Number of protein chains: 2
Amino acid sequence: MQTLGCLSLGSRFKRLSDKMYKDVASIYQEQDIDLHPSFFPLFNLLLTKGPLTVTQAAALLNVTHPAISKIAHKMQAEKLLFKASDPSDERRFFLTLDEKAFQLQQAIAPILVEMRKYLDSIIDSQQFPILKALTEFERAYDERGLINPVLNALANHIDPDSLSIEHWHSDLKADFYRLNAAWLNKYFNGLFNDLDRQALETPESYYLARGGYIWFAKLEQKIVGCIALANHDHGRYEISKMGVDEQYQGRGIGRKLMLIALQKARQLHANSLYLETSSLLPRALTLYQHMGFSQVEHPKGVSDYQRSDIYMELKI
Amino acid sequence: MQTLGCLSLGSRFKRLSDKMYKDVASIYQEQDIDLHPSFFPLFNLLLTKGPLTVTQAAALLNVTHPAISKIAHKMQAEKLLFKASDPSDERRFFLTLDEKAFQLQQAIAPILVEMRKYLDSIIDSQQFPILKALTEFERAYDERGLINPVLNALANHIDPDSLSIEHWHSDLKADFYRLNAAWLNKYFNGLFNDLDRQALETPESYYLARGGYIWFAKLEQKIVGCIALANHDHGRYEISKMGVDEQYQGRGIGRKLMLIALQKARQLHANSLYLETSSLLPRALTLYQHMGFSQVEHPKGVSDYQRSDIYMELKI
DNA sequence: GTTATTTATGTAACCAGTTACGTAATTGGT
DNA sequence: ACCAATTACGTAACTGGTTACATAAATAAC
């Protein structure tokens, strides 16, 4: 625990939250308030915000809609809630608290008052203000996240001296072919199509001459990875032909190449970036997601590449 | 959210903890570390503390032993862990990390380093120190709890002027009978035994003359509740004959009576308090638990009261 | 105005925890 | 030294959430 320090923050938050939920349930129980603990997030929400649809409630409570759906069912069975249909949209209806719920509220109100008073008294008596600290931490965490900063730090931290990024040079043409042939062979039985062949055999005309770029990752004089940025029409760029030598994978080299390509795309005032990939490559998929890409339908309906079943886009 | 203030602390803790767990899982995934998220609390624990038994691990992680049992099974299936039998106790065995786990640790170590650095950098840049605030809040919460302070505040807050506690007076003898007959009739078909009859018909000799006490709760000139403290042998006291008028239940009157009785018992240097009750009275049971009573076996094996199936004790 | 897409909800199967209970080994009381 | 109580662990059934998928209504696209 001590040695973990800030790493145990997550489990400390969990422990406190569990305990507080249990305690509140216990207080309600002794006061003979017949409100199942799993009900009160929704119950509270509807009290404060008025009738809401299932998806609205789910979004506000940070849970999925089936969870709300189930709870609403149970609350309906206990006559705490009814569904008021929305005449303007027959799919949905408003979860509306019933008479019995308002009676319960009467019983609960003084408890909430006392709970607030007591918690405020604890908080006020402390040297370090938990509410302010929490708000500040939440904001920082939401703004900066955890995933990308840590992964970037990892990528930078690996061989900071020996890993360098190289621009295209005709001497590296064979490496470009080799690195891409490797994954095409491994995952797709070497199923090159015409586009692949053009790109790999004549990268100068396929990429560079059209305003595209190719970069290489060089680790101690060895070329271990590459990536290409293709210039399509009207500010649309495509990222493709990313490959990292198998024995150097998982060290953030792909991530570093992606960051270079993204940086250049921004410099070129690209307005969107896309890429095509496959569900057979889950690692790459996670990387793209962390970079902000999200999966959308293929704009042409079907890909030029038979292997590709995922189309991802990043609006800049 | 805003109006709830400190009341939403629980859900804010939950949200943060969920998010951090997911993010860590996501980082491991991109780094191609094959460690299921549900494994890592136990994994981490065993790394830092060395081999542990199932119950030890459960206690340290604040989960139940079946949870550890299941996770250990799965980790065993993935060859991350094996069970080393304890020669001195054939029931148990030490959950021991396997070779493969230590290889994983090598891969994870740099991630932990970067995570710690990054989180520390966030925390250090903040105006209000989250770690100190959290530690302080955890301590206050663990020491004072939430349940009893809030329930006591509620009890005090209800009619603080009109509710008073009265000592025994022969005029109140009929009330003592009435209040107890009410619940005996309601829950146990008026099944009085000889002891009940003595206690209710001759409370002076049954309680007071033996060094016991009887108190009444008086609400606006009406007697609405009572409790008795019986003096048994060698510092053992019994709490019994607690009754609150049905229409005034759920307002903390029972709790107030209990607190009076407990206070007196302490004053008398009682070393233990016990009471007998029934699983038919869940509300009362919760109250006793909140007061610190815990269920134990009946010392005589069987109760003098047919209705009683629960024996509870509080060591002072 | 028809057809495709998106949105709101429900249902099923699953998952990680829980409580309740059973069994076997150890400890303790007389 | 024995029998009762306790402890360590496992298993079963349940719970509150999840993801994946189905359906119907509303909206958008042509």
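Predicted, not measured: the structure shown is a model, and the values here were computed from it. Residue numbers begin at 1 in each chain, while the letters A, B, ... track the order of the sequences.
For A/Gln56 against A/Thr53, the heavy-atom pair with the smallest separation is OE1-N, 2.9 Å.
If you take CZ of A/Phe40 and P of D/dG17, they are 11 Å apart, rounded to a whole angstrom. As a whole-Å value, the separation of A/Leu60 CG from C/dA8 P is 13 Å. As a whole-Å value, the separation of B/Lys70 NZ from C/dT18 P is 9 Å. Across the protein-nucleic acid pair, A/Phe93 atom CZ and D/dA24 atom P stand 15 Å apart, rounded to whole Å. C/dA12 atom P lies 13 Å from atom NE2 of A/His65, rounded to whole Å. Between B/Tyr21 atom OH and C/dA16 atom C1' there is a gap of 13 Å when expressed in whole angstrom units. Rounded to whole Å, the distance from CG on A/Asp86 to C1' on D/dA26 is 11 Å. Between the CZ atom of B/Phe39 and the C1' atom of C/dG17 there is a distance of 15 Å, given to the nearest Å.
Rounding to the nearest 0.5 Å places CD of B/Glu114 at 11.0 Å from CG of B/Leu119. In this structure, B/His269 NE2 and B/Tyr237 OH are separated by 10.0 Å, a value rounded to the nearest 0.5 Å.
Of the residues near DNA chain D, B/Gln56 and A/Ile71, the one whose nearest nucleotide (by heavy atom distance) lies more toward the 5' end is B/Gln56. In this structure, A/Ala67 and A/Pro87 both approach DNA chain D, and ranking their closest nucleotides by distance from the 5' end singles out A/Ala67.
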Test log, rule side chain to side chain donor-acceptor pair (under 3.5 Å), inputs A/Thr135 and B/Arg12
CA-CA 9 Å; A/Thr135 305; B/Arg12 288 169 73 181; 2.9 Å; yes
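For B/His73, no side-chain nitrogen or oxygen approaches OP1 or OP2 of D/dG10 to under 4.0 Å. Of the side-chain N and O atoms in B/Thr55, one or more sit less than 4.0 angstrom from OP1 or OP2 of D/dC9. The side chain of A/Ser69 places an N or O atom within less than 4.0 Å of a non-bridging phosphate oxygen (OP1 or OP2) of C/dG10. Proximity of B/Thr64 to the phosphate of C/dG17: no side-chain N or O atom is located under 4.0 Å from OP1 or OP2. Look at B/Ser38 and you won't find any side-chain N or O under 4.0 angstrom from OP1 or OP2 of C/dC15. Between B/His36 and C/dA16, a side-chain N or O to OP1/OP2 separation shorter than 4.0 Å is present. For the OP1/OP2 pair of C/dA16 and a distance below 4.0 Å, the side-chain nitrogens and oxygens of B/Lys74 include at least one atom meeting the criterion.
At a threshold of 4.0 angstrom between heavy atoms, the contacts of A/Lys83 are confined to the sugar-phosphate backbone, with no base atom among them. Residue A/Lys22 is out of contact with every strand shown, counting any heavy-atom pair closer than 4.0 Å.
When the shell of 6.0 Å around NE2 of A/His232 is examined, it contains more than 12 heavy atoms from other residues, nucleotides or ligands.
With distances taken from any side-chain atom of A/Pro66 to the nucleotides C/dA12, C/dA25, C/dT9, the minimum falls on C/dA12. Comparing D/dA25, D/dG10, D/dG17 against the side chain of A/Asp89 picks out D/dA25 as the nearest. The B/Arg91 side chain lies nearest to C/dA24 when the options are D/dC9, C/dA24, D/dA24. With distances taken from any side-chain atom of B/Val54 to the nucleotides D/dA25, D/dC9, C/dA25, the minimum falls on D/dC9.
Applying the ring-ring contact (aromatic ring centres under 6.0 Å, His included) test to B/Phe13 and every residue at least two apart in sequence or in another chain returns A/Phe13.
You won't find any donor-acceptor pair under 3.5 Å spanning the side chain of A/Arg92 and the base of C/dT9, going by distance alone.
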